[in-house]
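In what follows, a structure is listed as structure tokens, so that the remarks can point back to it.
These values consider heavy atoms only, across backbone and side chains, with no hydrogens, waters or symmetry-generated copies. Whatever order the structure lists ligands and atoms in, that order sets their numbers, starting from 1. A quick note: this is a predicted structure, and the numbers were derived from the prediction, not measured.
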Amino acid sequence: MLPRELLLLHRTCRRPVIDRFLSFSLGLTRRHAATAAALKETPIEVEPEASHPQYTLSDQDVQRLRFQRNIGVSAHIDSGKTTLTERILYYTGRIREIHEVRGRDAVGAKMDSMELEKEKGITIQSAATFCDWEATDLTSERKQKYAVNIIDTPGHVDFTIEVERALRVLDGAILVLCAVAGVQSQTTTVDRQMRRYNVPRISFINKMDRPGANPWRIVNQIRSKLRIPAAAVQIPIGVEDEFKGVVDLVAWKAIYNQGVKGIDVVVSDEIPESVLELATSKRNELIEQLAEVDDTIGEIFLNDEVPTNQDIAAAIRRATINLKFSPVFMGSAIKNTAVQPLLDGVCAYLPDPSESEVVAHDTKLPTSAPLVPLYPASAAPLVALAFKLEEGRFGQLTYMRVYQGSMKKTNTIYNTRTGKKVRLSRLVRMHSNEMEDIDSIGPGEICAIFGVECSSGDTFTDGTTSFSMTSMFVPEPVISLAIKANGIETPNFSRALNRFQKEDPTFRVHMDAESKETIISGMGELHLEIYVERMRREYNVDCTTGKPRVAFRETITQRADFSYTHKKQTGGAGQFAKIMGYIEPMEPDPETGKDVAFESVVMGGSVPTNFIPAVEKGFYTALEKGSLSGNAISGCRLVLQDGGFHVVDSSELAFRLATIGAFREVYNSAKPVILEPIMTVEVVAPVEFQSAVIGGLNGRRGTIMDSEVRDEEFVCTAEVALNDMFGYSNQLRGSTQGKGEFSMEYKNHMPVLPNLQKELEEAYRKTLPSSKK
Ligand SMILES: Nc1nc2c(ncn2[C@@H]2O[C@H](COP(=O)(O)OP(=O)(O)OP(=O)(O)O)[C@@H](O)[C@H]2O)c(=O)[nH]1
């Protein structure tokens, strides 16, 4: 990269883009990175070369990475992700037949491999699959083979962690939108997740065959609602029933599907007369949009010159990778139309693994130490992330993405978190629930391994480094219910619950100390229902569940200082521990969602260092149950400042109990409140029911955020407390003659209204034994 280009980049890019770019430069040549670093306002935060040497990519690495894509397919529920992926697998030769989601052939889509997924016609777990695609670059007429890993992610909000996981390890994504419904509530969620992980995306407007399909309205929504510059790179030939192909606006060619299941792609230089005018104006619009986000096109545009097709393609790629633009494709998965050009677009415009900025934390250094960039070189020491666990027929299957170095069969790898080592007995590439054995796997690739005890999110190395990848964003559960095994409880009951907790950090289990009930919590009723069903099918445990309850939480609203002495003298050895400090409100970490923390600033050994972990433990125990309503406490930091000890009577137990005692004593002074989950609810219904729907939401104390009428339908977005949403589906059905539909997703936890707080406090008090009231 020439310094001039870097200057331009510096002038025009936002900081993360430069960081991403620098990191890429660093991975390839240190020289250019130094020039680049000099251009930044602050020095680049990477570890000194001595402790983390640079690794050069071998020719083989460069070749492999360039033609490798790790992509996800994400969208709002029912947009057609699974149907689209099924086509992709078919056209890339991974499957011989196309089976539809809930299809009449009773086989079900390949990617929905869980029995439950097939029955319900929804995707629950994300599945990874890999395929080869011979991409055609229509601007140069060249063909090139690419290796593509695809993760099909669930659209249902209850399984949001699966989407988070997939995005964490992907380099790019296809955002699928319905040509009629456009940007829906969950499209916005997925968009937020993509932003969080800096995932570049191309947009695919599916269902172009549907009556009312209007790609231009959707392009506008992508710009206005998702706030990302976007422009169509194709226009449709024919609409609705007549939809039969697309015009590629970059290569200026018409593309049609022919043959069985659209297998043959016919490319023609002749743009049909009926769409010529539209194609010309949309190509101009594409160039104008690119001029806004790309300097090269900007300059050409300002000089009144005409960019070549290659100029346009290169600009789309640059702007997409730099997260400044989303090229929009369109087609109909179900009608097998324009899926192959989308795959060509994945190869042309989405980044290869070396173009993604990836950093790790060196666990040998303090947490405040700068992050270390990873290099996708096979010669570098191994760093791989276990991003998904699955209990399969042959034991635990762990999905891994290799970030640097490589893994070979029989190698020994180390889990950074636990320090445990594992010998790799079998490496496989996954194709939904089928697998293919492989001997080794290189940087940038995704594979699965067998028999490794770990949790999802664990990092593995070859033992020469102690790198750990940053963790995932884990949202708070919103619903909980009591669960009990029917008949005598077998070990399978807790085995299953342990397993599910390891697989899914949004699924939590705890025992209620008062009622002695096992409580499971998760992201929605469906989420919990699926686990109860999996217990029956996979572990042979039939369960009875209680009524779903909203997962209320408690938090504090102000700082409160404590000074507490725990002292007990009962004959034998006594107990003594003194602690001083404060608790204060804490905002969630934007990257991980973590909103509780312990910090010790004790000086001079007033609390011996070996007792400090006991204070931390005591703090986390105290957080399990707030005294207002018995719900867990979040948004709270405890800072330990000082204390005292006794040489004989102080112990871990004494410090733990002192912390629990101090916390309980000071809790009320920190003005605690009860929080409840607030949901973003989106309702779509025929326009004549607009006032009934809005009235219904108002009746549930909802705040209407947005309401839009399009064609015969209206869409209304509101924020409603989950506690007020029970029974809403029946109400909506009743008030819209069964024609209204709604979806909801978790937004945040907010304080409950004072009257509800009082009710909850009173109800909780009644459950307590009289000594505790
Ligand atoms: N008209 C039309 N229908 C489609 C198209 N693609 C998918 N569908 C239908 O839309 C419904 C949802 O499709 P899926 O592929 O299951 O959608 P999904 O996004 O994977 O759904 P989840 O996994 O549940 O989030 C199915 O009934 C499909 O047959 C399309 O191009 N046109």
Worksheet item: Taking the inter-plane angle between the rings of Y728 and F742 on a 0 to 90° scale, is it parallel (under 30°), tilted (30 to 60°) or perpendicular (over 60°)?
Response: perpendicular

Worksheet item: Does A75 come within less than 4.0 Å of ligand 1, judged by its heavy atoms?
Response: no

Worksheet entry | Shortest non-hydrogen contact from I479 toward P548 | CG2-CB, 4.2 Å

Discussion item. Using 30° and 60° as the class boundaries, would you call the ring planes of H527 and F507 parallel, tilted or perpendicular?
Written reply: perpendicular

Worksheet entry | Winner among N206, T83, N336, V73 once heavy atoms are compared against atom 28 (C) of ligand 1 | T83

Worksheet, complete the sentence: Rounded to the nearest 0.5 angstrom, the SG-CG distance for C347 and L342 is 9.5 Å

Fill in: Sub-4.0 Å atoms of ligand 1 with respect to non-hydrogen atoms of D209
1 (N), 2 (C), 30 (C), 31 (O), 32 (N)

Worksheet item: Which part of I334 is near ligand 1, with near meaning a heavy atom under 4.0 Å away: side chain, backbone, both or neither?
Response: both

Discussion item. At under 4.0 Å between heavy atoms, is it the side chain or the backbone of V176 that contacts ligand 1, or both, or neither?
Written reply: neither

Worksheet item: Purely on distance, is any nitrogen or oxygen of M208 under 3.5 Å from one on ligand 1?
Response: no

Worksheet item: How would you list, by chain and number, every residue that makes a side chain to side chain contact (heavy atoms under 4.5 Å, CB included) with D137, sequence neighbours excluded?
Response: T139, S140

Worksheet, complete the sentence: Honestly, for K207 the part within reach of ligand 1 (heavy atoms, under 4.0 Å) is both

Practice prompt. Answer with yes or no whether the side chains of R217 and N220 bring together a donor and an acceptor at under 3.5 Å.
Written response: no

Fill in: Residue R210 vicinity, atoms of ligand 1 by number, heavy atom under 4.0 Å
1 (N)

Discussion item. With respect to G80, determine whether any N or O atom, backbone or side chain, lies less than 3.5 Å from an N or O atom of ligand 1.
Written reply: yes

Response to the item:
Which of Q68, R69, R401 passes side chain to side chain contact (heavy atoms under 4.5 Å, CB included) with N149? Answer is Q68

